[in-house]
Amino acid sequence: MTTFDANGITLERVREHVWEIPQEGDMRVPARVLASEALLEEIQDDKTLEQITNTTHLPGITNYAICMPDGHQGYGFPVGGVGALDAENGCISPGAVGYDINCGVRMMRTNLTYDDVQGHEEELVDSLFANIPSGLGGGGIVEGGVDTIDEILARGVDWALENGHAVEDDLRHCEDEGMREGAAPEKVSQKAKDRGKNQIGSLGSGNHFLEVQRVTDVFDSGVGEAYGLEEDQIVVLIHCGSRGLGHQTCNDYLRKIEQQHKGLLDRLPDRELAAAPAGSQLAEDYYGAMNAAINFAWVNRQLIMHRTRQVFERVFDRSWESMEMDLLYDVAHNIAKKETHTVSAEPRSADGASGVEPRIDGEERELYVHRKGATRAFPAGHPEVPDAYRDVGQPVIIPGSMGAGSYVLRGGENSMDLTFGSTAHGAGRLMSRTQAKNEFWGGDVQQDLEDQQAIYVKAQSGATIAEEAPGVYKDVDEVVRVSDELGIGDKVARTFPVCNIKG
DNA sequence: ATGTGC
């Protein structure tokens, strides 16, 4: 058997790109890492493998804990982790969703070509930067009171539609039509709402950005046509999340769960995995609050997209409708969701007594599918794929670094069997932000991108550019190659940056 | 990611 030894953790090769950390000790299931050897080498020295192993201790974990090709260490649970926890007998874990609830990306098409935009890059990037709030702190497209926040939390993009920030078609091209069921605004703290109320429609900082891109390759012309993508076309990619509101919500519930479910916490190998047992009041409350924060993030991306249409109208002196600036799709990267999946038989529990009814092989179970730094990737035919894409599969949008470009994939036919319908979410970081600032200087990075690749970047802070320098990320081509070869997310198109604004 | 702290 081929093995990979990573600093004391041995992975067994199941088949190409599939590695397993066998079940032992208090692990309830094995862990799986979906990666090439080159990608494994990049996570052998940090805590990624330890964290995905720790995840297998969570009650109700089903089949495997899974680390995606772009996985790297995170808070308790790896970024790039998928954990499906039984919604009846298992638990829900805020650390396995992430601090930035519904951080995600959306792509908007246009009918412009690169020729139309060349020569306007600086005007475009300046106008986007001036009109779309970014950076840390407050200031959003909409200034809301408490009533506004509560409506946004409850209704998501439906609120944006009613208030002139969306068209019907936008809702049809977003998961859950931009409105997550089960949102409970009353379970979001006043403090979280206060942080969110002046951040409605704002990019934030860190790896969040808005990028104008050109399509350089269409690998699958049939799916490309269904997605409305062709070579040389201009598209816009928006990457942001739920800002201070989601961060505060995660923090609030981590603290509550640590206090009220200490018994479970004491049995876990890392307190950052703190989880509320399924059926408990806190599990219900967190799920309701998280769903509300998900709606906030969708509104955030919607307002930014709609404002981008207005910026293009001014720069190109045409209506956005005539430029066919339609939403391709919006994907969430940090969420938990109740989904029904076909599962394997209950594996033996470490102490010989799981205390729950054993599962039957092939049984359908309702699971809290936690995807943290991972994307839903449902295949063709799945009922939750929007009508427009049902025959080809769900669009998956994978941003690379600002010097590398991004990919559009479609949910692959193996995703339901291998990954609870999931794939990677990005290139994945190679080094910490602190390390990045020691290696790069923002002004140099910005100048090199412009001189060498004709990519125009404008940011609130030079430090942010250094933290997000292309050299800070893994090779997005390698991540996508693994996803494609596993058949969990298939390559459809590739894009390259034209201009980029960030915090 | 984050009014850059658990």
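To find a chain, count down the sequence lines: A is the first, B the second, and so on, and within it residues start at 1.
Enclosure of atom CZ in Arg271(A) is not indicated, since only 12 or fewer non-hydrogen atoms of other residues, nucleotides or ligands lie within 6.0 angstrom.
Using a 4.0 Å heavy-atom cutoff across all strands shown, Ser205(A) reaches sugar-phosphate atoms only and no base atom. Contacts of Glu468(A) with the nucleic acid, taken as non-hydrogen atoms under 4.0 Å apart, involve only primed sugar atoms and P, OP1 or OP2. Across all strands, Gly241(A) comes closer than 4.0 Å to no nucleic acid atom at all (heavy-atom distances). Here Glu258(A) lies out of heavy-atom contact (under 4.0 Å) with every strand. Residue contacts for Lys191(A): at a heavy-atom cut-off of 4.0 Å it reaches a base atom on one of the strands shown.
Both Arg433(A) and Glu467(A) lie close to DNA chain B; mapped to their nearest nucleotides by heavy-atom distance, the more 5′-ward contact belongs to Arg433(A). Heavy-atom distances to DNA chain B give each of Lys437(A) and Gly206(A) a nearest nucleotide, and the one nearer the 5′ end belongs to Gly206(A).
Atom OH of Tyr75(A) is separated from atom P of dG5(B) by 15 Å (rounded to the nearest Å). Atom-to-atom, CG of Asn198(A) to C1' of dT2(B) comes out at 14 Å; the value is rounded to the nearest Å. Distance CG (Leu245(A)) to P (dT2(B)): 12 Å, rounded to an integer number of Å. A straight line from CG of Asn102(A) to P of dT2(B) spans 13 Å, rounded to a whole angstrom. dT4(B) atom P lies 7 Å from atom CG of Leu136(A), rounded to whole Å. We find that CD1 of Ile257(A) is positioned 16 Å from C1' of dC6(B), with the value rounded to whole Å. If you measure from atom CZ of Arg255(A) to atom P of dC6(B), you get 9 Å, rounded to the nearest angstrom. Protein atom CD of Gln248(A) is 13 Å distant from nucleotide atom P of dT2(B), rounded to whole Å.
Remark: aromatic rings of Tyr227(A) and Tyr329(A) are distant, center separation not under 6.0 Å.
Distances shown here put a side-chain N or O of Arg243(A) below 4.0 Å from the OP1 or OP2 atom of dT2(B).
Just one of Arg172(A), Arg376(A), Arg301(A) meets the salt bridge (charged side-chain N to carboxylate O under 4.0 Å, His left out) condition when paired with Asp330(A); it is Arg301(A).
Taking the six-membered ring for Trp and thresholds of 30 and 60 degrees, Trp159(A) and His165(A) have nearly parallel ring planes, at less than 30 degrees apart.
The main-chain N or O of Gly137(A) is found under 3.5 Å from a side-chain atom of Gln199(A) such that the two form a donor-acceptor pair.
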